[in-house]
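Below: one structure, written as structure tokens.
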Amino acid sequence: MGDEVLVFAEHHGGKPARAAWEALAGGQRLARDIGAAVATVVAGEDVAALADELAGAELSEVVALTSPLLRDYTPDGYTAALFQVIEQRQPRFVVFSHTYQARDFAPRLAAREGRGLIGDCLGYRRDGDRLVFVRPVFQGKLCADTEFVGEPPYFVSFQAAAFREDSVQRGAAPARVTSVAASLTPETIRAQAGEPFREAKQAVDLTQARAIVAVGRGIKGPENLELAKKLAEALGAELGASRPICDSGWLPMDRQIGSSGQTVAPHLYVALGISGAIQHQVGMKGSRTIVAINKDKEAPIFEIATYGVVGDLFEIVPPLIEEIKKKKPA
Amino acid sequence: MKIAVCIKQVPARDAVLRLNAESTWVRETDVSFEINEPDIYALEEALRLREKRGGEVAVCTLGPERAAQALKEALAKGADRAWHLDDPAFQNLDAYATARVLAAAVARENPDLVLTGLQADDDGFAQTGVILAEMLGWPHATIIMEIQASEKALKVKRELEAGWFQWIEMPLPAVLTIQSGINKPRYATLKGILAAKNKPLQKLGFEGLGLAPEAVSLRQKISKIYAPPKSGKTEFLEGASKEIARKLVEKLKNEARVI
Ligand SMILES: Cc1cc2nc3c(=O)[nH]c(=O)nc-3n(C[C@H](O)[C@H](O)[C@H](O)COP(=O)(O)OP(=O)(O)OC[C@H]3O[C@@H](n4cnc5c(N)ncnc54)[C@H](O)[C@@H]3O)c2cc1C
Ligand SMILES: Nc1ncnc2c1ncn2[C@@H]1O[C@H](COP(=O)(O)O)[C@@H](O)[C@H]1O
């Protein structure tokens with residue numbers, strides 16, 4: 001068994017993704033804690049420049065995994081290629097960031113090894129000689145201490161921002177880069193990926209809004225949106241929404257805030273009846289002042305709110321509109 | 001086209017969650033259950049494919065007795081058949097073991113397409129469909145927002161982060177994990193509910209599936225669940241609604257200076 005932590009480095013547009021640095025920061029911490037070396041693997045058609053950039057981090061090795069068939073990301077290609085690296089190196093841990101790409105292939109890769117993936121971890125801690133990984137369950141309403149059962153390699157993915165990208169340790173000298181040619185045939189890749197695209201141009205750009213009133217499933221029905229609109233008007237705010245509101249067609253997709261919608265950072269963000277799932281939080285937690293109105297005092301949104309009101313939005317919002325109208329300079 | 005849809009019964013979204021005596025899961029006797037939201041979208045997508053292309057839709061759940069209700073709902077919405085994988089040995093499985101049992105059930109029937117939700121609201125693994133594809137040796141795609149099917153192949157729209165998408169093409173058979181919002185799910189009609197009573201609902205246990213004992217061995221285990229630690233950063237405003245409104249506006253004006 002190699003005593004190694006192997007970190008998967010995701011990349012887009014020729015640059016390591018933020019997720020790659022966050023995973024490296026997590027991998028370095030884990031490696032220090034268990035007294036292992038830490039290496040990273042980056043896959044693609046030509047990853048020389050990427051590998052050099054990653055080599056700036058304190059690492060025992062950067063594995064540049066290449067094949068013409070790895071030009072575009074595919075789950076078949078990445079699974080087959082990384083499987084070869086893992087078989088050869090037998091790392092103790094394989095670390096990912098819990099991105100859409102990792103969600104797409106990491107479970108498959110772990111399963112090919114006959115191993116498990118503890119996914120979406122907020123972090124981990126040492127408990128004697130055991131490692132306990134902490135992950136959200138029930139949409140973030142509860143945390144679960146989770147441990148691996150059986151033999152390594154252990155596969156783990158960390159949630160966005162579980163580790164800070166700027167906490168990556170830089171090396172005194174560039175790390176060694178090793179090129180590895182993945183042995184793939186065109187038949188390996190069954191699912192073929194097209195170019196990423198965006199839907200028709202967005203009608204609203206919420207990223208520029210100074211204030212946003214966002215509604216979630218607590219608003220109950222489309223007929224109640226009027227109330228949120230009135231609050232938005234009083235505040236000079238744009239209207240935003242959680243995903244289920246847009247899924248139901250109550251508001252158009254371009255009002256959606258979160259990992260699959262827009263990322264916003266207004267001065268004021270008012271969350272009405274939004275539970276604060278991680279996929280929503282990542283799109284708005286950079287807001288300067290966050291007000292959350294939710295009838296469940298355990299809702300995760302209260303972890304990031306500046307001001308919290310535990311109560312029924314239908315009772316709070318009408319007097320709130322009144323007060324704002326009174327106080328606002330004309 | 002023969003389609004299998006994996007649906008999971010999970011605690012209702014607004015359920016008040018209490019921990020069991022060992023703090024290893026929630027107390028199931030306290031909560032009501034419903035079909036995991038993305039799985040409802042997956043079922044709807046399967047029904048639409050059948051309406052377009054013919055064939056049949058089977059629904060499959062792994063879960064205790066209560067989970068039969070989820071299957072009945074799916075049959076009422078229009079699924080043709082149901083498989084209920086229920087065995088004392090199937091309790092508290094991780095994603096790997098769940099996928100292994102589901103794979104055994106799917107392999108018996110050889111559908112052209114398997115749909116799952118992208119993630120379960122309770123355990124939140126977001127893995128079962130992907131592992132299932134690996135165990136079946138089929139291609140897969142995740143977080144799907146549109147399906148175009150022909151006889152032997154699929155073209156699907158995969159959601160990426162931040163409002164981006166891509167098209168993926170793959171041969172059948174295949175596994176897709178479905179994202180919420182892909183369609184507008186139908187409600188069961190009275191006629192559907194009545195018709196469901198005569199549709200086949202097959203129970204399958206450990207032996208019926210021909211599983212080896214190690215099939216349900218775990219690769220990860222929850223040692224404890226608990227409420228997330230509070231950062232205590234939020235300032236809570238209390239009182240009658242009017243008073244709260246007044247306090248909040250004052251804070252927004254004088255402290256946060258956003259009005
Ligand atoms: C891959 C992926 C991508 C996703 N992308 C996004 C995304 O971009 N954006 C996004 O938002 N979500 C996204 N989601 C979904 C996300 O996980 C949550 O399901 C979603 O954010 C929940 O929306 P919600 O808070 O409106 O609904 P719920 O979680 O149902 O919460 C409703 C809240 O309203 C409260 N409430 C109910 N009635 C009242 C009342 N009368 N007064 C006050 N409060 C009330 C309840 O207490 C509850 O907290 C994504 C999920 C996945 C898996
Ligand atoms: N016990 C189960 N029975 C049927 N389907 C399941 C079960 N567990 C997971 N699935 C399917 O796999 C998807 C992802 O679940 P998970 O990997 O647990 O997040 C769900 O949306 C279901 O479609």
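Numbered from 1 within each chain, the chains take letters A, B, ... in sequence-line order.
- The most heavy-atom pairs under 4.5 Å with chain A, out of B:Lys224, B:Lys233, B:Arg219, B:Glu37, come from B:Arg219.
- Side chains of B:Gln9 and B:Arg66: a donor on one and an acceptor on the other come within 3.5 Å.
- Sorted by first and then second residue, the ring pair (Phe, Tyr, Trp, His ring centres under 6.0 Å) pairs involving residues 8-28 of chain B (not counting sequence neighbours) are A:Phe138-B:Trp25.
- The most heavy-atom pairs under 4.5 Å with chain A, out of B:Arg100, B:Lys242, B:Lys230, come from B:Lys230.
- For A:Arg112, the parts lying under 4.5 angstrom from a heavy atom of chain B are both the backbone and the side chain.
- Defined by atom type and a distance below 3.5 Å, a donor-acceptor pair is missing between the side-chain atoms of A:Tyr78 and A:Gln101.
- Between the side chain of B:Ser23 and the backbone N or O of B:Leu19 there is no donor-acceptor pair closer than 3.5 Å.
- Residue B:Pro185 does not touch chain A at all, counting heavy-atom pairs closer than 4.5 Å.
- By number of non-hydrogen pairs under 4.5 angstrom with chain A, the leading residue of B:Lys251, B:Met170, B:His140 is B:His140.
- For the pair B:Asn183 and B:Tyr41, the minimum side-chain heavy-atom distance is below 4.5 Å.
- A:Ala232 and A:Val213 make their closest contact through CA-CG2, 3.7 Å (heavy atoms, listed as atom of the first residue, atom of the second, distance).
- A donor-acceptor pair under 3.5 Å is absent between the side-chain atoms of A:Ser287 and the main chain of A:Ile290, judged by distance alone.
- Under the 6.0 Å distance and 45° angle rule, B:Lys157 counts as a cation-pi partner of B:Phe165.
- In terms of heavy-atom pairs under 4.5 Å with chain A, the best-connected choice from B:Leu132, B:Leu237, B:Val16, B:Asp121 is B:Asp121.
- At distances below 3.5 Å, at least one donor-acceptor pair connects side-chain atoms of B:Thr234 with backbone N or O atoms of A:Ala305.
- Each of B:Gln119, B:Lys247, B:Arg158, B:Lys184 has some count of heavy-atom pairs under 4.5 Å with chain A, and the biggest count is that of B:Arg158.
- With chain A as partner, the option from B:Ala153, B:Ala141, B:Gly163 having the largest number of non-hydrogen pairs under 4.5 angstrom is B:Gly163.
- Residues of residues 171-182 of chain B placed with any heavy atom under 4.5 Å of a heavy atom in chain A are listed by number as B:Pro171, B:Gln179, B:Ser180, B:Gly181.
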